[in-house]
Asks: 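Quick one: the structure is below, questions incoming.
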Amino acid sequence: MTTEIPKQYDPAAAEARWFPYWESRGDFNANAPQPGDPHPKPPHVIMIPLPNVTGALHMGHALNGTLQDLLTRWRRMQGYEALWMPGTDHAGIATQSVVEKRMLEEEGLTRHDIGREALVQRIWTWKDAYEKRILSQLKSIGASCDWRRVRFTLDEVCSRAVRQTFFKMFKDGLIYRGKRLVNWDTFLQTAVADDEVYEEEVDGHFWTMNYPVVNEAGQPTGERISFSTTRPETMLGDTAVCVHPTDERYTHLIGKRVQIPVNGRLIPIIADALLADKTLGTGCVKVTPAHDPNDYACWTRNQEAMGEPINLLNSNGTLNENGGKWEGLDRLVARDAVVAEMETLGHFEKVEDRKIPLKHSDRSKTPVEPYLSEQWFVKMETLAQAAIDAVLDNRVTFYPERYRSSYLDWLGEKRDWCISRQLWWGHRIPVWSVDQPDESSAAALKQQLESDPRFDRDQIELTVHTTTTAGGGTTLQACLATDDSAWITQLEGAGFKRDEDVLDTWFSSALWPHATLGWPDQEHNPPLDGHADASSTGRNEVLPYFYPGSVLVTSRDIITLWVARMVLTGLYNMGDVPFKHVCIHPKIQDGFGQTMSKSKGNGVDPIELIEKYGCDGMRFTIASFAGETQDVRLPLGYECPHCQGIIPQEPHHLKFKPGKPKIKCSKCKKESQYATPNYLPDEGELVARIVIERFENGRNFCNKLWNAARFAMMNLEGYTPGVVALAPLAPALRGEGPGVRGELQQGLDSLLSTATEPTATDGNVRSEAGKTPHPHPLPAEPGRGDVAIEDRWILSRLATVTDEVTSLLNLYKFDAATRSLRDFVWNEFCDWYLEMIKPRLRDEILRPDAQRVLVGVLDTTLRLLHPFTPFITEELWQRLKEIAPVRGLPAPVAATEAMIIAPWPAGMEDWRDPALETRFQRLQELIVAVRNVRGTYNISPAVAVSTSVRCSAEIASDLNQVKPQFELLAKATLTAAGPEVTRPTASASFSLGDADGFLPLEGLVDLQAEVARLKKEADKLRGFIGGHEKKLSNQSFIDRAPPEVVVEVRETLAGLQKQLGSLEAAIVELSGEA
RNA sequence: GGACGAUUAGCUCAGUUGGUUAGAGCGCCACGUUGACAUCGUGGAGGUCGUUGGUUCGAGUCCAAUAUCGUCCA
């Protein structure tokens, strides 16, 4: 077995092997406890930020997914019933427009050509393909979701929650119909969302004109008020002119009226500090609330003075009846007509050419018009307040804390939530309405329907709605709780028509945390794999067990859109928050600081990187980026398929028209096609694939771990489990005296004879039944015997790292956790511990205990790493199971069947020994100092050198304990150590303050060079000493600094001076100079 | 326009409540294939911490101003 371990870790093989293994074992499944379970596990719940089905996932999703999987695996190991709920979002406008766009490009068809049903059908086909792709990408990153529970926001489970919530809100009077300015595409005659418009500068004009001020009788006073505009035709819909309240040019006019010359309407002069700017133009602006967002906002502040907004447009962009004699003209034609009329009437002042930033529809490429239209709203006052309170009293906590203000500020505005969208893809609004001549007839019809014996208030709600604006009427609205209601036929027979609009996507995703757990169904567990949960007992056990969730992991841009709304609906429907923590992680950017996104074309498919660097390498790297401050910049390159040279990505690589662009390698000058999300390379073509050097980190780390484990396994021949008490080794091996070790050995013997699976052994949350006694502390007092100092050291370090990683994960500081682990594995376990135990592994007497500690440390290390790098750790765990199925410290136990269910390390506090770590550090410094001398003089490893060390008896004792290790690591023989050591002639030397080392190097080293080197060292020291002396000679430092700081500086200075003394002595001896 | 974040080595980033000589990975230089690992080992070079003021015995860290970049909101 041992000889079969390859020298390189093969990620693809491990990934292919272990994911299906975990799935088949059901390790990802999370279930509510069986009724009557006396010791149920506590739940840990993460709801995935549902990716939308518009396109495939990129590295931003990979980061998001990695962190959630990491937390889920970690909590699972800690003994929680860890649920990670997967699913996808229908993403209304984004998905519909992608499908429409493609249909138009490929078939020249619009949605009006094929109709609502056919379009929706096509989108379902798209959804099926991309959902499949997305879920497979998630699995590729190792996602341990409970895949039986996959949900989609338009599926029957989520739809039921949406309908129930809408109905409940409608009944509670929280939903109303009102006006709102939208971006109107006059060409396609539809509203487009804010993220579906782009801004572009166009050539336009900037007209200055004036309105005459009139007196109370409506007669001109002779005064005029000037303003400028780029859209003169909107003056037909003006409802005010506005000045700044402190603008002295106009203060006397505030409250007076002006007349619009082209239609004679009188409108007030109002003061509004937000809209008017004294420093711009005339300082006065006209206000057209129905056709400008800023004006509309102004109207909401000054409704009484202004009256209702006046809509000027038909849906096709021509003027409506409010356009007067220009009714029916296109708005652009009307513009010139209005200007001409103003000029004729003598109110035109000037015009200049100007570049005007104008919003365009991404879908028709035509300018959009702000357009006042009827929409559905949710009243936010009480809902928002509840969500604010939940954060204020810390029922929901943000990590990092600063994001709490984004959430609170936004909710604090309590702006009503516009939930309708003029789309076909989504949850259709469940309201039917019929026009009525007036309120009394509407009320009569309402009463008639409600008196029907089949009328059910839990299924249908009726309200009378009267539009206040001109031209509006009265309607009777019926909201139905389900689509299978018999009332649909009845209502439609009575002339009711269903609303054409669908709900905002966020309305359904806001319900995600409870909808996916089956709400509002209180009688059945939510379905598994599309089938009813066979274990259902007549109650929904899943919802109360898994709600509220534990933590939401997401990025900051949807704190308002999604996080706030989940809290709000969770409180509304469930009476409790949906999660306790919100972990906000960085955003992934490309090499130029642009956020990675599908629409920018700079998205990198995680699969590309997984193939190149391995899943674990990708995960470990990306987790190492997930800190609290900065976004993650990923400069990428293309690997030339001809010479494997790296071609750095430049901005122009992302900007190209559809086609087959080529990239030229600067090294071999050959061209090749390159990978982009926007096209597929030609069949058989050599493609320059995306590489991101930063991911080599994770790949290399995995390989290092692999080889460390490989080394361990190659040296486990003859391994036997045994208690390691770090008592004197030889007597114990001879069976002399039972002691602590004897007791533990007895315990082990009985364990081996009975148990196959370990009971819980840690300080985690395992149930009472699973508790075992606290592991015995390792006796660690120095001088106890010939215990290997490196064993105690590595265990002390392991205990520290375990504690660090656990604490860091509790705070979602993933980057620091990976650093801690990497440093431990690479710089401590590999560089020092493995090197130091090599002599013992070759010694028959010492080998058994060295093996036991080694395998114990490896076991714990793998457990610490598993959440970060699941595949390699499972692979190693399974291999280790073959060689050392019973292992662990201090008393071995049978390892778990699978890595994924191994307990998280805990309860090792007693192993920590800071004093020992300090002593060990001194040994390391001695070894480095010797290497340093070798390095400086470039002495080949083949040349033998010897070292003597002048130091305290204590250090000498440590040094002698590890003499073989010292010699191996320093590549020098230790000839003497102790206070009596004297300096040999013609030797190189180093000084550490409390230890001086001497290396006789006659013939190897130019003594002049050594003198020069030492002098340089001494000069450097003098600089430091000077700094310290200056500090100590400063009386206010002595007086004001804390005493312990002063003492510390004194001690450091003394050490530096001693070190300098040794150096100076060496210089004198070598050079004969004073 | 408002809020938040960033600016530290050639690159990408750490730096906990202010306290010895500011760290890591990659890259670079030199040496090395010694029985885990060249996706490696050993040693080395490289930074007046964006700028300007201030507080303090002491500032990468705290305060103010300023510049540049990014994100969200309007």
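Chain naming here is simple, since letters A, B, ... match the order of the sequence lines and numbering starts at 1 in each.
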Asks: Angle class for the A/F620/A/F701 ring planes (parallel below 30°, perpendicular above 60°, tilted otherwise)?
Replies: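 If you compare the ring of A/F620 with that of A/F701, the planes turn out parallel.
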
Asks: Classify A/R934 by what it touches in the nucleic acid, base, sugar-phosphate, or nothing, heavy-atom distance under 4.0 Å.
Replies: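 Counting heavy atoms under 4.0 Å across all strands, no contact is made by A/R934.
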
Asks: Mind checking if A/P293 touches a base, just sugar-phosphate, or nothing, with heavy atoms under 4.0 Å?
Replies: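 Contact class for A/P293: none.
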
Asks: Given that A/L561 and A/E835 both sit by RNA chain B, which one's nearest nucleotide is further toward the 5' end?
Replies: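 The residue mapped nearer the 5' terminus is A/E835.
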
Asks: For a quick check of understanding: with a heavy-atom distance under 4.0 Å over all strands, which category does A/C830 fall into, base, sugar-phosphate or nothing?
Replies: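 The residue A/C830 makes base contact.
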
Asks: Need to verify one output field. Residue with the more 5' nearest nucleotide on RNA chain B, A/T595 or A/R402?
Replies: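 The 5'-side residue here is A/R402.
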
Asks: Taking the six-membered ring of A/F1037 as reference, does the cationic atom of A/K1030 (NZ for Lys, CZ for Arg) lie under 6.0 Å from its centre and within 45° of its axis?
Replies: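 So A/K1030 doesn't make the cation-pi contact.
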
Asks: To the nearest Å, give me how far apart CZ (A/R822) and C1' (B/A14) are.
Replies: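 Between C1' of B/A14 and CZ of A/R822: 13 Å.
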
Asks: Between B/U21 and B/A67, how far apart are the P atoms? Round to whole Å, please.
Replies: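 Approximately 35 Å lies between the P atom of B/A67 and that of B/U21.
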
Asks: Does OP1 or OP2 of B/A14 have a side-chain N or O of A/T629 closer than 4.0 Å?
Replies: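 Yes, within the criterion.
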
Asks: Just N and O in the side chain of A/Q630: are any of them under 4.0 Å from OP1 or OP2 of B/U12?
Replies: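 So the side-chain polar atoms of A/Q630 never come under 4.0 Å of the phosphate oxygens OP1 or OP2 of B/U12.
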
Asks: Kindly determine whether A/Y833 and A/E828 satisfy side chain to side chain donor-acceptor pair (under 3.5 Å), including the steps that lead there.
Replies: CA-CA 6 Å; A/Y833 184 69; A/E828 296 184 321; over 6 Å; no

Asks: Could you give the distance separating B/U48 and B/G60 at their P atoms, to the nearest angstrom?
Replies: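 Nearest-Å result for B/G60 against B/U48 at atom P: 13 Å.
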
Asks: B/U12 P sits how many Å from A/L634 CG, rounded?
Replies: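 In whole Å, B/U12 P lies 12 Å from A/L634 CG.
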
Asks: Would you measure the distance from the C1' atom in B/G18 across to the matching atom in B/C62 and give it in whole Å?
Replies: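 Straight-line distance between the two C1' atoms is 8 Å.
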
Asks: Have a look at A/S406 and say if it touches a base, only the backbone sugar-phosphate, or nothing, with a 4.0 Å heavy-atom cut-off.
Replies: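 The answer is nothing, as A/S406 stays clear of every strand by at least 4.0 Å.
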
Asks: Would you indicate, yes or no, if B/C40 has its OP1 or OP2 atom less than 4.0 angstrom from a side-chain nitrogen or oxygen of A/N700?
Replies: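 So the side chain of A/N700 is within the cut-off, an N or O lying under 4.0 Å from OP1 or OP2 of B/C40.
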
Asks: What contact category does A/L1053 fall into here, base, sugar-phosphate, or nothing, at under 4.0 angstrom with non-hydrogen atoms?
Replies: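 No contact at all - A/L1053 keeps every heavy atom at 4.0 Å or more from the nucleic acid.
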
Asks: Looking across every strand, which nucleic acid part, if any, lies under 4.0 Å from A/K704 by heavy atom: base, sugar-phosphate, or nothing?
Replies: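 Base contact - A/K704 has a heavy atom under 4.0 Å of at least one base atom.
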
Asks: Using a 4.0 Å heavy-atom cut-off, does A/Q589 contact any base of the nucleic acid, only the sugar-phosphate backbone, or nothing at all?
Replies: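 Sugar-phosphate, backbone atoms only, no base.
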
Asks: Angle class for the A/F695/A/F625 ring planes (parallel below 30°, perpendicular above 60°, tilted otherwise)?
Replies: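 If you compare the ring of A/F695 with that of A/F625, the planes turn out perpendicular.
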
Asks: Under 4.0 angstrom, heavy atoms only, what part of the nucleic acid is A/R1050 near: base, sugar-phosphate, or nothing?
Replies: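 Touches nothing.
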
Asks: Below 4.5 Å, heavy atoms only, C-beta onward: do A/R556 and A/D631 meet side chain to side chain?
Replies: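 In contact.
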
Asks: Specify the closest pair of heavy atoms between A/D831 and A/L969, including all atoms of both residues, with the distance to one decimal.
Replies: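 In terms of heavy atoms, the two residues are closest at O-CD2, 4.3 Å.
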
Asks: RNA chain B: stems of at least 3 consecutive Watson-Crick or G-U pairs, cut-off 3.5 Å?
Replies: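 Output for stems: B:1-7 with B:67-73, B:10-13 with B:23-26, B:28-32 with B:40-44, B:50-54 with B:62-66.
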
Asks: A/K971 side chain N/O closer than 4.0 Å to the phosphate oxygens (OP1, OP2) of B/G32?
Replies: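 No, A/K971 has no side-chain N/O under 4.0 Å of OP1/OP2 on B/G32.
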
Asks: May I ask you to evaluate whether A/R556 reaches the phosphate of B/U71, defined as a side-chain N or O under 4.0 Å from OP1 or OP2?
Replies: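 For A/R556, the contact criterion (side-chain N or O under 4.0 Å from OP1 or OP2 of B/U71) is not met.
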
Asks: So, taking the atom named CD1 in A/I837 and the one named CD in A/E790, what distance separates them when rounded to the nearest 0.5 Å?
Replies: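 Output value for this atom pair is 7.5 Å.
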
Asks: Classify A/D631 by what it touches in the nucleic acid, base, sugar-phosphate, or nothing, heavy-atom distance under 4.0 Å.
Replies: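 Answer is sugar-phosphate: A/D631 comes under 4.0 Å of backbone atoms only.
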
Asks: Please check the phosphate of B/G41 (OP1 and OP2 only) for any side-chain N or O of A/W832 closer than 4.0 Å.
Replies: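 No.
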
Asks: Taking atom C1' in both B/G19 and B/A38, what distance in whole Å separates the two?
Replies: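 Going atom to atom, C1' in each nucleotide, I get 42 Å.
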
Asks: Between A/R1022 and A/D1019 (salt bridge meaning N to carboxylate O under 4.0 Å), is one present in this structure?
Replies: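 Here A/R1022 pairs with A/D1019 in a salt bridge, since their nearest N and O are under 4.0 Å apart.
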
Asks: Which part of the nucleic acid, if any, lies within contact of A/E696, taking any heavy atom under 4.0 Å across all strands shown: a base, the sugar-phosphate backbone alone, or nothing?
Replies: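 No contact at all - A/E696 keeps every heavy atom at 4.0 Å or more from the nucleic acid.
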
Asks: A/R301 CZ to B/A74 P: how many Å, rounded?
Replies: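 To the nearest whole Å, that distance equals 14 Å.
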
Asks: Think A/K838 has a side-chain N or O under 4.0 angstrom from the OP1 or OP2 of B/A36?
Replies: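 Yes, because at least one side-chain N or O of A/K838 sits under 4.0 Å from OP1 or OP2 of B/A36.
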
Asks: For the pair A/R819 and A/R822, evaluate side-chain contact (heavy atoms from CB on, under 4.5 Å) and give the outcome as yes or no after the intermediate values.
Replies: CA-CA 5 Å; A/R819 271 198 299 282; A/R822 186 187 192 279; 5.8 Å; no

